[in-house]
Student: 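Input: one structure, supplied below.
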2 protein chains.
Amino acid sequence: MDTEGLSKGEQTRREIIAAAHTLFVKQGYHGTSMREIAKTAGLALGGIYNHFATKEDIFRAVFVEYHPINYIFPALAQAHGESTEALLRDIARHIIAGLKEDPDFINLLSIDIVEFQGSNASSVLRTRLPALEGVYRQIVSASSNDLRPIPPLIFLRSFFGLFISYFMTGYILNLAPELPDEINQNAFDYFIEIFLHGVLSDTGTHRGGKNL
Amino acid sequence: MDTEGLSKGEQTRREIIAAAHTLFVKQGYHGTSMREIAKTAGLALGGIYNHFATKEDIFRAVFVEYHPINYIFPALAQAHGESTEALLRDIARHIIAGLKEDPDFINLLSIDIVEFQGSNASSVLRTRLPALEGVYRQIVSASSNDLRPIPPLIFLRSFFGLFISYFMTGYILNLAPELPDEINQNAFDYFIEIFLHGVLSDTGTHRGGKNL
DNA sequence: CCTACCGATCGGTAGG
DNA sequence: CCTACCGATCGGTAGG
């Protein structure tokens, strides 16, 4: 985490967030004590309360700081492609790359559901959905509109659900190493291929994706 | 829960499981005390330990007892359809009906990930995957094989991922009631439509699904 | 199946 | 009056 040019207080705050993230992901929310967070961050228990009023506040900060949306938006900005298909493929590739680098968000999301009934996920969604809708409009207008008629919000829900599906099933499957490797081999390539074939109209001559 | 013809001990055991399920789903794992479970099940704290050695044992029993696979298999058995498409559509309809009746499994799955690193989900998968592969073979052989060439395990992963995607996104979206209703309107119809269009080859004349 | 109780640890706060 | 933090301890609760 970049700590240059930050006040001492802000530095400590970031160390608390980083420590809490590591521990929450590994041990869960109630499985992580304020004492552990303090120790890992390099200060005494009481010191935490100069930066966060409650443990819940810490989780909120961790959830927002490590939310995939932070790298999804930059990824969307630099994605490009001539056809709708190529664009979606490139966006997916960027998002997958980001998620593979930080696959622990599944744990944070699970904590949010178990302990906070998903209120943090919902809050982030509320904040960012308008921008995501903008991205959708960009996608359909950037190329000849060869998407099947799917309501924009359903399209977005389905597209992001694809990543949830891939990472949730992958998380569980990776715990069963005796399973045939077939289940992981190029799995996301197939996932995105199924999705693209599912949302693109099959009338055009634009299909540039590799065949299955 | 059906308690006829059960021994007193087995009855109590089931009451503990039912009480624990209700509380775990509402309050999480560490948020639920053994005392609460005991009280809800109608016995004293110490009494629980005549039926379960640890709190983890109770969670394992709850997870297995309320796992969707319990109604997915019967649903698969009674599903029917002339084409691959019709069959998949009918299976999905049955599974969705079951999940809508008991949407709280998301919470159990989240607890499993947070507290047990997904080991219970993985264990159920290990036990049931062979039977699911059998179902897949049944699907491809029951009708003219009009599926695109997707490895069987990837197909299964993608198919069940569809339900995870739908219910996870739905869980979070339903917390934001101010969002346009478009995002929920017939959402699963679109989800299954995208999936089917994605996995079925588009060469045949078999497509009987409604157009989007 | 209960009453009574354990070693330990919880999130949060006190004065300085 | 600010910040960052200490050693010690608060009232309650955890699984067993």
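Letters go in sequence order (proteins before strands), and every chain restarts at 1. Computation of the quantities below employed the complete heavy-atom set of this structure, encompassing side-chain atoms and omitting hydrogens, waters and symmetry-equivalent molecules.
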Student: Look at the aromatic rings of B:Tyr166 and B:Phe188 and report parallel, tilted or perpendicular, splitting at 30° and 60°.
Tutor: perpendicular
Student: Rounded to whole Å, how long is the line connecting atom NZ of A:Lys55 with atom P of C:dT9?
Tutor: 15 Å
Student: Please report the interatomic distance CG(B:Leu109) to CG(B:Asp104), rounded to the nearest 0.5 Å.
Tutor: 12.5 Å
Student: Of the options C:dT3, D:dC6, D:dG16, whose atoms approach the side-chain atoms of B:Leu45 most closely?
Tutor: D:dG16
Student: Could you check whether A:His30 gets within reach of a base, just the sugar-phosphate, or nothing at all, counting any heavy atom under 4.0 Å?
Tutor: nothing
Student: Respond yes when some side-chain nitrogen or oxygen of A:Ser33 is under 4.0 Å from OP1 or OP2 of C:dC10, and no when none is.
Tutor: yes
Student: Which part of the nucleic acid does A:Ile48 contact within heavy-atom distance under 4.0 Å: base, sugar-phosphate only, or nothing?
Tutor: nothing
Student: What is the distance from CD of A:Gln27 to C1' of C:dC10, rounded to the nearest Å?
Tutor: 14 Å
Student: Say you pick atom C1' in C:dG11 and the same atom in D:dT9; how far apart are they, in whole Å?
Tutor: 13 Å
Student: Expressed as a whole number of angstroms, how long is the span from A:Lys39:NZ to D:dC5:P?
Tutor: 18 Å
Student: Just by distance, do the side chain of A:Lys55 and the backbone of A:Tyr29 share a donor-acceptor pair under 3.5 Å?
Tutor: yes
Student: Distance check needed: C:dT9 P versus A:Met34 CE, whole Å only.
Tutor: 18 Å
Student: Let me spell it out: for each of B:Gly46 and A:Arg35, pick the nucleotide of DNA chain C with the closest heavy atom. Which residue's pick is nearer the 5' end?
Tutor: B:Gly46
Student: Roughly how many Å is it from CG in A:Leu43 to P in D:dC5, rounded to a whole number?
Tutor: 5 Å
Student: Could you check how far CG of A:Asn50 sits from C1' of D:dC1, rounded to whole Å?
Tutor: 15 Å
Student: Nearest whole angstrom, please: distance from the C1' of D:dC5 to the CZ of A:Phe52.
Tutor: 16 Å
Student: Any side-chain N or O of A:Tyr49 under 4.0 Å from OP1/OP2 of C:dG12?
Tutor: yes
Student: Between atom CZ in A:Arg13 and atom P in D:dT3, what is the gap in whole Å?
Tutor: 14 Å
Student: Without hydrogens or angle criteria, can the side chains of B:Glu65 and B:His21 be said to hold a donor-acceptor pair below 3.5 Å?
Tutor: no
Student: Can a salt bridge be assigned to the pair A:Glu182 and B:Arg157 using a cut-off of 4.0 Å between side-chain N and carboxylate O?
Tutor: no
